[in-house]
Every structure is written in structure tokens, then in C-alpha cells.
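Notes follow the structure.
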Amino acid sequence: MSSLSKLQRRQAGFAYLMLLPGAALLAAFTFYPIVRGLPLAFTNYSVVDTTKWIGWDNFKRAFHDPTFGLALKHSLLYVLIVPVIQILSILMAVLVNNRLRFIHFFRVAYFIPVVTSMVAAAIAWKWVYQEQGILNFFLLKLGMIRQPISFMVETKLALLGVMAVTVWKGLGYYMMIYLAGLQSIPGELQEAARIDGAGRLRVIWNITIPLLMPFVLLCSLLSVMGAIHVFDEVFVMHGPSGDPAYSTLTASVYSYKVAFQDFEFGYAATIGLLVAIIIMIVSILMFRYTRRGGLTYYE
Amino acid sequence: MSEAAARDRLAPPELKGVYKAKRSWKKAAAPFILYPLLLLAAVLFLGPFLWLLSTALKTGNNVYAYPPQFIPNPPTFKNFIDVFHIMPLWHYIANTVYMTVYGVGLNLLLCTMTAYPLARLKFPGKNAIFFAIVSTMILPNAGGMIVNFITIQKLGLYNSMTGVVLPSAISVFNVFLLRQAFITIPADMEHSARIDGAGEFRIFRSIMVPMVRPAVATVVIFDFMAFWNSLIWPVIVLDDRDKYPLGPALQYLNSDLAYNFPYIAAGTIISVIPILIIFLVLQKQFINGMVGAVKG
């Protein structure tokens with residue numbers, strides 16, 4: 001410290017002063033929850049009881065809690081939307097990568113669900129899903145169903161309905177990333193392959209897809225984490241209990257319900273921890289199997 | 001064009017004409033296949049909102065008419081006016097504006113202040129601080145909402161807008177983004193300012209922050225969207241529905257007022273207009289920011 005010059009010391013003082021407010025907030029609201037969340041999961045912290053360390057009791061309870069099992073099952077089922085999102089968004093990126101008049105308008109239009117709030121999206125979709133709603137009207141018109149379906153009430157369809165909203169709202173986002181990916185592939189590579197006599201499909205298979213792979217891996221990782229964490233869509237469409245009859249309840253929503261409706265913070269933290277562990281395992285596996293981790297990209 | 005030219009150059013002379021004919025035929029046909037696809041996708045993406053808009057412009061019985069009436073006849077703006085009487089919409093809009101300006105302002109101030117020293121100043125412990133910040137991104141945050149709720153309560157900020165805004169007043173992601181931008185500024189800028197006798201804060205405020213304007217714009221856009229659309233944290237922290245921003249207010253009005261859907265539809269349309277305007281004006285920045293955030 002004593003070897004610092006006057007200028008350096010002044011600069012260090014200024015640096016600490018600048019860092020202080022931000023660091024304090026990060027410590028309180030980002031760092032502390034990570035450190036505190038873990039021990040909280042081993043307590044019975046709630047509004048009514050005095051807080052006690054109860055060891056693995058919360059974990060045992062989660063293991064025997066059928067509602068948690070159901071919620072976890074739905075969270076894992078939710079991962080099924082990941083391949084759907086990836087395939088559709090790549091196709092959309094290919095579609096909007098064409099040089100056409102008004103193409104810019106279409107790109108922007110597809111991105112609009114991304115920027116609007118989930119509350120607005122959910123209200124719009126609930127109206128679409130109504131028994132007298134527009135979706136039933138089209139399905140009846142096309143002869144795909146005979147009777148109107150209550151998409152919001154049928155336990156077998158409710159979760160699918162929420163998944164459709166997630167796909168609809170997220171596609172534009174991934175489409176833009178893939179579009180950037182497609183545009184970053186040097187055109188000469190494709191040209192060279194064409195000159196060497198490769199057909200259109202072969203160019204896509206041997207050049208475009210391998211070069212797009214880092215984007216696919218990154219987007220898949222993001223959407224897997226998002227799917228296991230899914231909260232807003234379920235909460236706004238079916239409430240904190242995942243109506244009807246828990247059929248749309250996911251682990252994050254259940255954690256919210258346990259914490260902010262039943263006020264059992266300790267147990268809610270345990271559920272949060274279990275979800276975090278699952279996400280960590282999934283991401284480690286994904287990184288492992290993909291080696292490059294999807295974090296490298298082509299400029 | 002270079003693609004076609006190269007192929008023509010290399011193709012045996014008798015094939016040239018064939019390639020050309022095939023290519024121009026394909027070129028002419030492409031729009032006829034692509035535009036219907038593009039339009040179909042546009043209908044799917046904008047459809048639910050257009051249907052909501054159509055509902056908001058309808059009168060009484062037409063709302064529940066079957067078969068559904070796609071274009072309101074006659075269209076009316078009455079719902080958009082009435083919705084301000086039936087719910088304190090101005091009040092909720094004011095709450096949302098307050099929350100958004102408060103949150104974005106704090107983020108701008110705190111994130112630039114935190115990123116700048118980490119990018120450009122020398123001081124003991126810099127790496128340790130930076131490592132501590134990085135580590136929060138890797139470690140899972142199991143009890144995030146719960147612990148933050150307890151903290152907010154203990155700080156006496158329950159049921160206040162400060163309690164809503166404070167936990168997201170600084171984001172690790174923004175700090176990274178701005179740090180990256182600060183790093184790329186040439187050192188000469190700083191040296192010449194120092195020689196001219198500018199103080200450290202002056203250098204930061206008058207030279208460095210204006211130099212990272214694109215990164216600042218990205219932060220503002222992201223945070224505007226995040227705060228304007230925020231839902232669950234305001235529900236947790238705010239006790240009085242009077243203090244709710246638009247998202248939570250609409251969510252609860254939707255369950256309370258379900259019998260009058262045109263009002264809900266009008267209120268929802270009103271709530272998305274500001275974010276849509278911001279998006280349409282700044283779409284280039286928006287999309288670049290989104291893509292950059294993932295790639296960078």
C-alpha cells in the first residue's frame with residue numbers, strides 16, 4: 001500500500017467511493033440471498049413459529065409431498081417445448097433471412113410478443129382460448145373438432161395451452177438470435193460449396209447447421225433453464241395454485257404459493273433449492289455433452 | 001449475384017443457359033411462396049393482440065357474438081374512455097411511470113458507477129470484487145425472492161415503491177455490459193483530460209459516460225422493458241392495490257371484472273402502448289441489444 005503514489009492513492013479512494021453504493025446493493029439483494037437461501041432451506045422459518053433448524057425435514061417433506069411431485073413433473077414436462085422453440089425459431093430465422101420487400105416489417109412484427117408484458121399476453125390468450133373464443137371457432141370451422149373445447153378448464157389441455165403461450169412469446173427472441181447467427185456465417189463458405197457442386201440441402205446440412213450449432217446450444221440452454229423456471233405465464237393464466245386442480249402448477253409457482261400464500265418460507269426455500277439443483281445438473285450435463293458449451297460463436 | 005456469376009463461369013458452356021433459366025424461375029417463384037408464409041406467421045404472432053383490439057372497439061352484444069365479429073361494426077372508442085372511469089387507470093399509469101423512471105434512473109446511475117472503476121481504475125482488491133460479482137451469476141439463487149422479501153421487510157420498505165425498485169436497482173448483467181464498453185475507450189482520452197486538470201469524477205461524468213452511449217442506451221431499453229412489464233415482485237412487496245403498477249393491477253382487475261371484457265381489453269391495450277412505442281422507435285437498438293446480450 002505504501003508503495004502507491006499520491007495519484008494512485010487518490011484514484012483508489014475515488015474507486016472505492018464509486019463502488020460503494022452499487023456494491024452495497026449487490027451484497028444485500030444478490031449476494032446475501034445466495035448465501036442465506038441455503039441455510040434457510042433447513043429451517044422451519046415461517047410467520048407463526050419461532051425459527052428452528054430442522055435438518056433434512058423439509059427435504060423429506062418435499063419427497064412425500066404429492067403436490068410438489070406434480071409441480072416438478074409439470075416443470076420437467078415443460079422442457080418438451082425446448083425442441084419445438086428451437087426448430088420453429090430456426091425455420092423462422094431462415095424465412096426472414098430472405099431479401100424481400102417489407103421483410104423488416106415482418107421481423108419487427110414477430111418480435112412484438114417478446115416486448116409486451118406477460119399479463120397483456122395472458123389476457124389476450126385467455127380470450128382466444130374461451131369456449132366461445134376464436135380458437136374454437138377456427139377449429140370448428142376447419143372441422144378439426146366437433147364440440148367447443150374449454151382450453152382453460154380441461155385438466156389435460158390447460159398445461160399445453162400455457163406452453164403454447166410460452167412458445168408464442170419466446171419465438172421472436174430466439175428467431176433474432178438465429179438470424180444474427182445466420183448472417184454471421186461468411187457467405188463465401190456457402191458459395192465455395194455450391195461451386196464444388198453441393199446442392200442446397202447439402203449446403204444447409206454440412207455448412208449452415210454446423211456453423212449455427214453454437215447458437216443452437218446457447219439458445220437450448222437458455223430455454224431449458226427458462227422452461228424449468230417457468231412462472232409468469234402459469235401465474236397470470238391459472239393463478240398461484242395452477243388451476244384447474246393443480247394441472248398447470250410448476251415448481252416455481254408452487255414455491256411462490258408455499259412462501260407467499262402459506263407463509264412457509266423455509267419449505268419454499270427448500271423447493272427453490274431443489275429446482276436450482278436440477279437446473280445446475282441439467283446445465284452441467286448440457287455443457288458436458290456439447291463440450292464447447294455453446295458460448296463460443298462466430299463473428 | 002456473385003454466386004450465380006461464379007457458377008456460370010465454372011459451368012460447362014452447354015449448361016450455362018440451364019442454370020440461368022432454373023435460377024430466374026426460382027427467383028420469380030420465391031415471393032409467391034414466401035409472402036403467404038410470412039403473412040401467416042404475422043397473423044399468428046399479432047393475432048391475439050389484434051383480436052383483443054377488435055374486442056376493445058366493440059359495443060355491448062357484439063363482444064360475445066357468435067360467429068365472432070372480426071371487424072367491429074360499428075367500431076367505438078367508448079370502452080377506452082369508460083375504462084378510465086371504471087378503474088383508476090391514470091393512477092396505475094402514474095404508478096408505473098414512477099416505478100419505471102425510478103428503476104431505470106437508479107440502474108443508470110449505479111451500474112455506470114460500479115462498472116467504471118472495474119474497467120478503468122487501478123486499486124487494491126479490484127480482482128476480488130470483480131470475482132465476487134461474477135460468482136453471483138454462476139451460483140444458483142435458491143431463496144432469492146424469499147430472502148429479498150425478508151430483507152425488504154426488515155428495512156421497513158414493505159408496501160413502498162422503493163421496496164419494489166431497490167432489489168433490481170443494480171444488475172450484474174448491466175455492470176458487465178457497461179464495463180465492457182468502458183474498457184474499449186482509448187486511454188488517451190483519460191490522459192489528456194488528466195493533464196488538463198480534470199478531476200476523477202469530472203472525467204467519469206463528462207468524458208467516459210458520454211463515450212459509452214450505445215451501451216447506456218441498451219441498459220435503458222432493457223430496464224425500461226423489465227420495469228414496465230414487471231409483475232410478481234410488485235405483487236409481493238405492495239400491500240395496497242392503490243400502489244400497484246399496471247401489470248399487477250390488470251391481473252387483479254381481470255379476475256374482479258371478468259364480466260366486462262371490453263374494459264379489460266381496452267385497459268390491456270392501453271398498458272402495452274408505451275412499450276410498443278418505445279420498441280418501434282428504438283427497434284434497431286432493441287434487437288441489437290437482445291442479440292448482443294446473448295452473444296457477447
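Residue numbers start from 1 in every chain, and the chains themselves are labelled A, B, ... in the order their sequence lines are given, proteins ahead of strands.
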Q) Do you see a donor-acceptor pair shorter than 3.5 Å between the side chains of B:Thr55 and A:Trp127? A) yes
(Q) Taking the ring centre of each residue, are B:Trp51 and A:Tyr129 less than 6.0 Å apart? (A) no
Q) Between A:Phe111 and B:Phe279, is the ring centre distance below 6.0 Å? A) yes
Q.
For a 4.5 angstrom cut-off between non-hydrogen side-chain atoms, does A:Ile123 reach B:Phe261?
A. yes
Q: Would you mind reporting whether B:Phe204 and A:Met18 have side-chain heavy atoms less than 4.5 Å apart?
A: yes
Considering all heavy atoms of both residues, which atom of [X] and which atom of [Y] are nearest to each other, and what is their separation?
X: B:Ser135; Y: A:Phe31; result: OG-CE1, 3.7 Å
X: B:Pro48; Y: A:Ala124; result: O-CB, 3.7 Å
X: B:Ile170; Y: A:Gly22; result: CD1-CA, 3.6 Å
X: A:Ala109; Y: B:Phe45; result: O-CB, 4.3 Å
X: A:Leu100; Y: B:Pro31; result: CD2-CG, 4.4 Å
X: A:Phe137; Y: B:Pro68; result: CD1-CD, 3.2 Å

Could you give the distance from [atom1] ([X]) to [atom2] ([Y]), rounded to the nearest 0.5 Å?
X: A:Leu25; Y: B:Leu106; atom1: CG; atom2: CG; result: 8.0 Å
X: A:Tyr256; Y: B:Ile146; atom1: OH; atom2: CD1; result: 11.5 Å
X: B:Lys126; Y: A:Tyr16; atom1: NZ; atom2: OH; result: 11.0 Å
X: B:Ile133; Y: A:Leu19; atom1: CD1; atom2: CG; result: 7.0 Å

**Q.** Partner chain B: residue of A:Thr116, A:Val128, A:Leu273 with the largest heavy-atom pair count (under 4.5 Å)
**A.** A:Thr116
Q. Do you know which of B:Phe286, B:Phe201, B:Tyr116, B:Trp228 has the most heavy-atom pairs with chain A at a distance under 4.5 angstrom?
A. B:Phe201
Q. Is it the backbone or the side chain of A:Phe106 that comes under 4.5 Å from a heavy atom of chain B, or both, or neither?
A. side chain
(Q) Would the distance check show the side chain of B:Gln283 and the main-chain N or O of A:Val108 forming a donor-acceptor pair, the cut-off being under 3.5 Å? (A) no
